[in-house]
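Comments concern the structure below.
Side-chain atoms are counted along with the backbone in the values below, which use heavy atoms only and exclude waters and symmetry mates. Every value quoted in this text rests on a predicted model; they were computed, and no experiment measured them. Heads up: numbering here begins at 1 and tracks the sequence.
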Amino acid sequence: MPSCMKKQVRRYFDAAAQEYENAALIQQQIARDMIRELAANWPDICGRSDAAGESTLPACDTVLEIGAGVGTLTWEILPELHCRTYLAADVAGSMLAHMRNQTGDNRLAPFVADGEAMPMPRHSIDLLLSSSAMQWYQNPERSITANLDLIRPGGRFALNMFVDGTLAELAETSRKTGFGSIHPLAGAERILKIFTAYPGLTFVHTQRVDRLGQPDALSLLHSLRRTGARYTAGKKAASPRRLAAFRREYEKNYAGPDGVYVSYKSLCVMGRKAPADERNHTAESLEKTL
């Protein structure tokens, strides 16, 4: 992420720290659904397992969450997760400060860091998590690959991010009226190629589209502002005349049961690295074949 973009993204999310939790409704639902998928597929590391509702002994030592923010995923998953240490990283210090104010789990260790430049060695974590954050990566090919490098052989990952098609209604209305602009996101196919190219991974993926309803176009813009999702490299034209045109156009074309709606398209990728012995066996088999 270039320094100018990084500074703006950090500033916007810092400013949204107090309001994010009440505004990020789609992000909360995506996080909850991802936890259900983890519990269903990996009951050894996620999900309450006995009659008393207590977690089993830790099945993984170190978990890293990238883009933890105020704890949208963190606080939902911690009671269900069987781990010893939960590292929660975010580029916005004010978001993490809000999380620290709610700290009640001594496994949790929040720290400020950019997901595209994590200050950690390779093979240092057992589980990598991220929800609604990696869409801000400037170079996903390099950065997601580096994030996967942090996972030990045999470790796992569950990553959810918004992809191209998110806020499509806003982008189209902005194009028509000249009001504002939307930051372009990578498409799902581009992201999936990163995982396909990474050696020794097995993974599954799902895509979904969620709609957020608001009473009117102006309320929708305010709700997005409260989530911190304000960065765009495009020039913003914010004259009253263009804002009025934007509101008319949006409310005419995207009416819903709650007033108006906007769409979020997300991609969830869950998988694991092959254990070291499996990777060594594969390499030996390949050498024999050649």
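- Listed for the Gln28 side chain is a donor-acceptor partner under 3.5 Å among the backbone atoms of Glu21.
- Here Ile66 contributes atom CD1 and Met161 contributes atom CE; the two are 10.0 Å apart, rounded to the nearest 0.5 Å.
- At least one side-chain heavy atom of Glu172 sits less than 4.5 Å from a side-chain heavy atom of Arg175.
- Looking only at distances, no side-chain donor or acceptor of Ser130 sits under 3.5 Å from a matching main-chain atom of Ala133.
- Residues Pro140 and Arg190 meet the side-chain proximity criterion, which asks for heavy atoms closer than 4.5 Å.
- Here the closest heavy-atom approach between residue Tyr250 and residue Ala217 is recorded as CB-CB, 4.0 Å.
- Summarising the geometry, atom CG belonging to Leu64 is positioned 4.5 Å from atom CD1 belonging to Ile125; distances are rounded to the nearest 0.5 Å.
- In this structure, the side chains of Leu129 and Leu159 stay at 4.5 Å or more apart for every pair of heavy atoms.
- Contact between Ser174 and Phe246 at its shortest, heavy atoms only, is OG-CE1, 3.8 Å.
- At a threshold of 4.5 Å between non-hydrogen side-chain atoms, the residues Leu127 and Trp42 count as touching.
- Here Glu116 does not pair with Lys6 in a salt bridge; the nearest charged N to carboxylate O distance is not below 4.0 Å.
- In plain terms, the two heavy atoms of Met95 and Ala17 that are nearest each other are SD-CA, 3.5 Å.
- Taking the ring centroids of Trp136 and Phe13, they lie under the 6.0 Å cut-off.
- Counting only residues at least two apart or on different chains, no salt bridge (charged side-chain N to carboxylate O under 4.0 Å, His left out) pair has a member in residues 260-272.
- Once rounded to the nearest 0.5 Å, the distance linking CZ of Arg248 with CG of Asn253 reads 12.5 Å.
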Legend entry - Glu65 and Thr74: CA distance, side-chain angles, deciding distance, side chain to side chain donor-acceptor pair (under 3.5 Å) verdict: CA-CA 8 Å; Glu65 181 187 349; Thr74 316; 2.6 Å; yes

Inset, instruction - Report the C-alpha distance between Glu141 and Asn139 in whole Å, list the side-chain angles of each, state the deciding distance to 0.1 Å, and finish with yes or no for side chain to side chain contact (heavy atoms under 4.5 Å, CB included). - result: CA-CA 6 Å; Glu141 286 80 8; Asn139 189 329; 3.7 Å; yes

Inset, instruction - Walk me through it: do Tyr137 and Asp114 pass the test side chain to side chain donor-acceptor pair (under 3.5 Å)? - result: CA-CA 10 Å; Tyr137 280 5; Asp114 179 3; over 6 Å; no

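- Tyr86 does not carry Arg107 over the face of its six-membered ring by the limits of under 6.0 Å from the centre and within 45° of the normal.
- With hydrogens and angles left out, the side-chain atoms of Asp210 and Tyr261 include no donor and acceptor closer than 3.5 Å.
- Closest approach of Ser223 and Leu212 over heavy atoms only: OG-CD2, 4.2 Å.
- Judged by distance alone, with hydrogens and angles left aside, the side-chain atoms of Asp258 form no donor-acceptor pair with the main-chain N or O of Pro215 at under 3.5 Å.
- Here Leu224 pairs with Leu167, Leu170, Tyr264 under the side chain to side chain contact (heavy atoms under 4.5 Å, CB included) rule; sequence neighbours left out.
- Rounding to the nearest 0.5 Å gives a distance of 10.0 Å between NE2 of His123 and CZ of Arg152.
- No more than 12 heavy atoms of other residues, nucleotides or ligands lie within 6.0 Å of NZ in Lys193, so this atom counts as exposed by the packing criterion.
- Ionic pairing of Asp44 and Arg156 is present here: one or more N-O contacts between side-chain nitrogen and carboxylate oxygen are shorter than 4.0 angstrom.
- A 4.5 Å side-chain heavy-atom check between Phe162 and Leu267 finds every atom pair outside the cut-off.
- At distances below 3.5 Å, at least one donor-acceptor pair connects side-chain atoms of Asp126 with backbone N or O atoms of Asp61.
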Inset, instruction - May I have the step-by-step check of side chain to side chain contact (heavy atoms under 4.5 Å, CB included) for Cys46 and His82, ending in yes or no? - result: CA-CA 6 Å; Cys46 186; His82 316 156; 5.9 Å; no

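- Taking both residues in full, the closest heavy atoms of Ile30 and Ser266 are given as CD1-OG, 3.8 Å, listed atom of the first, atom of the second, then distance.
- Side-chain atoms of Lys273 come within 3.5 Å of backbone N or O of Leu148 as a donor-acceptor pair.
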Inset, instruction - Show your reasoning for whether side chain to side chain contact (heavy atoms under 4.5 Å, CB included) applies to Arg242 and Thr177. - result: CA-CA 6 Å; Arg242 288 184 174 181; Thr177 63; 5.7 Å; no

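- Proximity of a side-chain donor or acceptor of Ser124 to a complementary backbone N or O of Met120 within less than 3.5 Å is not detected.
- Enclosure of atom CZ in Arg225 is not indicated, since only 12 or fewer non-hydrogen atoms of other residues, nucleotides or ligands lie within 6.0 angstrom.
- Here the CE atom belonging to Met99 is positioned 8.0 Å from the OG1 atom belonging to Thr72, to the nearest 0.5 angstrom.
- Under the 6.0 Å cut-off for aromatic ring centres, Phe157 and Tyr198 do not qualify, their centroids lying 6.0 Å or more apart.
- Note that CG of Leu87 and CG of Leu108 are 9.0 Å apart. Values are rounded to the nearest 0.5 Å.
- Contact detail for Leu185 and Val163: the closest heavy-atom pair is CD1-O, 3.7 Å.
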Inset, instruction - Take Gln27 and Ser131, measure what side chain to side chain donor-acceptor pair (under 3.5 Å) needs, and give me the verdict at the end. - result: CA-CA 8 Å; Gln27 292 86 340; Ser131 185; over 6 Å; no

Legend entry - Candidate pair Glu37 and Asn41, rule side chain to side chain contact (heavy atoms under 4.5 Å, CB included), full reasoning: CA-CA 6 Å; Glu37 286 296 315; Asn41 290 280; 3.4 Å; yes

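- Looking at heavy atoms from C-beta onward, Val112 lies out of side-chain contact with Asp90 at the 4.5 angstrom threshold.
- Put simply, Leu192 and Val209 are part of two different groups of oily side chains (I, L, V, M, F, W, Y) that touch within less than 4.5 Å, one to the next.
- Neither side chain, Gln135 nor Thr166, offers a donor N or O lying under 3.5 Å from an acceptor on the other.
- Looking at heavy atoms from C-beta onward, Pro153 lies out of side-chain contact with Pro275 at the 4.5 angstrom threshold.
- The shortest distance between side-chain heavy atoms of Met34 and Leu38 falls below 4.5 Å.
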